[in-house]
Amino acid sequence: MKKSVLILIAIITWLSAAAQTERRLNEVTVVASRTTTDAEGYTTNLRGSDITKGKPAVDVLGFLPNISHKNGTFKINGLAASEIYVDGVKLSDLSELDNIPGEMIDKVQVKYLAGADHNASLSGGSIMITLRRPPEGGYYGSISANADWYRSCDFGNAGISGMINYRYKGLSVYDNLYAGNTKFEENSAQTLSGPDLHTFLTETSKSHGFNFRNRLSLTQQLQSGAQLGGCYLISMSSPRPSSVSYDGNTISSISSRENTSLQEGTLMFMQPLGSRGTQLQLTADYLNRHSNDNSNYFLDSERAAAIKETTNLNLWKFKADFMYPHSRSLIWKFGASAQFISSHYTPADILKSDRFETSDIPTKTSGLTPIVYASAQGRIWKLKYSAGMNWQLNRITYEDHSANRKNTNTQWSMNPTVQVMMPFGPGMNHALMVSYKRTLSDIPYTAISSVINWSDAYNYTIGNPDLKAQSADIVMAGLSLLRNKINITALYAVSHDRIYWQTLQSVENPDVFYTMPLNINSQGVWGFGAEWIESPSRVWRFKLSGRVEITPENTMLDGIHYNKTRAKEYFYFNNNFRFGHGWGGMLNANFEPTFRTLDRTYHAVYNVSGQIYRIFLNDNLQVALDFTPIGNRRKLDRYAGANKVSYKYTTPVQYVGFSLTWNFSGGKSVNVDVVDGIQNYYETKDNR
């Protein structure tokens, strides 16, 4: 009943407000009037916009058309964004957006789908942020400090960050630094029930540690017009997670010490060829991720099991891109790339237990992914288009050193991408968009390992050596009215060899459950979304959006045939306020009703969060207070045969964060060039 009432209120509000949209167009200046569209998406100019005031870049993006943000993930038209760039730097850690003041954003370009020049695994589009160049130029940046208080664990995260762009003659320097402590406490309750099983558990999970991250980019502009640049990223973390579970009789606990380091080095050379804008770009990239984990497992304070694990991942990628502007209305792009993957897992100092399963299998996972592509972008009459094709091969090799066993799987695919956009109406203020893309996912190397990961004393995950990379076909259509003030989108996607985490019951311990990834048969999903962006007054701007995904299931899982039609809904209401004398804030709410997918039920969640800020000293100093007053945490039900596992987060959501930011600039007016890394570390993991 509550769900229906909330949906009805949202629909009535939407319809009544839409009737006033045309009348209000002339009253205020809105983000939509700053927006230009093309075949691949849109570009919004945010210089001087009130939605950038007092908030970090991560919060600004949620107010833009067709973008939603939740739990650290950005979605574009319902698809997870594949890549996010800041001044050409691809972010491997989205927390970097927390360190960039929104007022430093000049413009944002949003592409709805990844183009043919990208890895075919990238289905969702990209977000490219360009920072403004202050009138003084030369150098600009910011220094920030933050501290967070949580109702569950008092003061938690605290850190300092800094960012600077600097140019001296032909040399450009970019640096983004963060260092801080992390701390959290999570409380939960579990119920394990079945024909011969009924257990109620309470659980407390804690973690504390230190994080450090720095990205340095150097680019030299040569007199010939060529560019030579390099980028180095280092990231280190040392969390100390632990969990304690109590079933009324036995106390079970897990304590770990983790040390993870990630390094990436990139070299880039760009050579202009001729005066028409033709250019050749060569890029070489190396990424290494190394982790050492030391875990101990206890039953009633006695150590029952232990393991030390070392994982070393190496990725090499080489890429060549050639751009040829054939005419003012046609640009060709050609290119090729090759990526090599090598991952080693080594367990040691193993203390085995009948209660806690650990892996004693040393493994090696390797892969090869070559890509060749061609694409064209231009316009015919008023129709703007972008079309391309790439060929991609995935070759996966999994080696079990203990059994001297080796599995090899090879997949290849031709992947077209077509996007067209037609503006229409008075002043070309409306647009119709249609897109198609075929994807082939990355090698799921993190999910075919033998590693066993315990989330608590009664649940763990394990990999699957026979896993294949999944592929999908995506068709998207969109209607934009009044320069992106009202947006309606529709999407149909069908996946092949879809990866799903099945829940299974341990044979040795009936009260222990685990999940394992497997490929299931093809499945289609329909998605429909709508949003409305409006400024009812000079001090208030909002974005009201909703989305529904409809999935007709037809899958056999663990002997059960799932053949229902499932619906998943999202509702977002973002509000930005700007008052006088440097005061402002925002208040955002989201609601996700209960939905089901195969053997899982995700119960309804909602959240209300906000911010109050004050700007001083000619916009150079910003003080902000973030808060979350109310919310409902997730509850998840999943089945393993006739057994049911219910997991509910009981931690209070209340949170208050304080941040202080100083913006600075000076020197001559120049542009700063940046080189970015071209690889990411992806984990294929279960979502609890």
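Excluded from the calculations below are hydrogen atoms, water molecules and symmetry mates; all remaining heavy atoms, backbone and side chain alike, are included. Sequential numbering from 1 along the given sequence is applied to the chain's residues.
- Just one of Y514, W501, Y297 meets the ring pair (Phe, Tyr, Trp, His ring centres under 6.0 Å) condition when paired with Y460; it is Y514.
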- Query: Run the salt bridge (charged side-chain N to carboxylate O under 4.0 Å, His left out) check on K364 and D400 step by step: do they pass?
  - Reply: CA-CA 7 Å; K364 176 184 177 182; D400 179 344; over 6 Å; no
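- Applying side chain to side chain donor-acceptor pair (under 3.5 Å) to D599 and the options Y639, Y500, Y562 leaves one that passes, Y500.
- For an aromatic pair to be called close, the ring centres must be under 6.0 Å apart, and Y492 with W526 satisfies this.
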- Report the C-alpha separation of T199 and D511 in whole Å, then their side-chain angles, then the decisive distance to 0.1 Å, and conclude whether the side-chain hydrogen bond (donor to acceptor under 3.5 Å, both in side chains) test is met. CA-CA 8 Å; T199 304; D511 60 348; 5.4 Å; no
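- Counted by atom type alone, N590 and Y570 present zero donor-acceptor pairs between their side chains at under 3.5 Å.
- A side-chain N or O of N288 and one of N312 form a donor-acceptor pair less than 3.5 Å apart.
- Aromatic pair Y649/Y647: centroids less than 6.0 angstrom apart.
- Note: F595 and Y602 have parallel aromatic rings, judged against thresholds of 30 and 60 degrees for the angle between ring planes.
- Using a 4.5 Å heavy-atom cutoff, the side chains of N390 and M414 are not in contact.
- Under 3.5 Å, the side chains of N407 and E399 contain no donor-acceptor pair of N or O atoms.
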- Message: salt bridge (charged side-chain N to carboxylate O under 4.0 Å, His left out) for E592 and R634? Distances and angles first, verdict last.
- Response: CA-CA 10 Å; E592 186 178 293; R634 173 71 72 192; 2.5 Å; yes
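- Figure legend: cation-pi geometry between R355 and Y458, with NZ or CZ positioned under 6.0 Å from the six-membered ring centre and within 45° of its axis.
- Taking 4.5 Å as the limit, every side-chain heavy atom of L351 sits out of range of all side-chain heavy atoms of F356.
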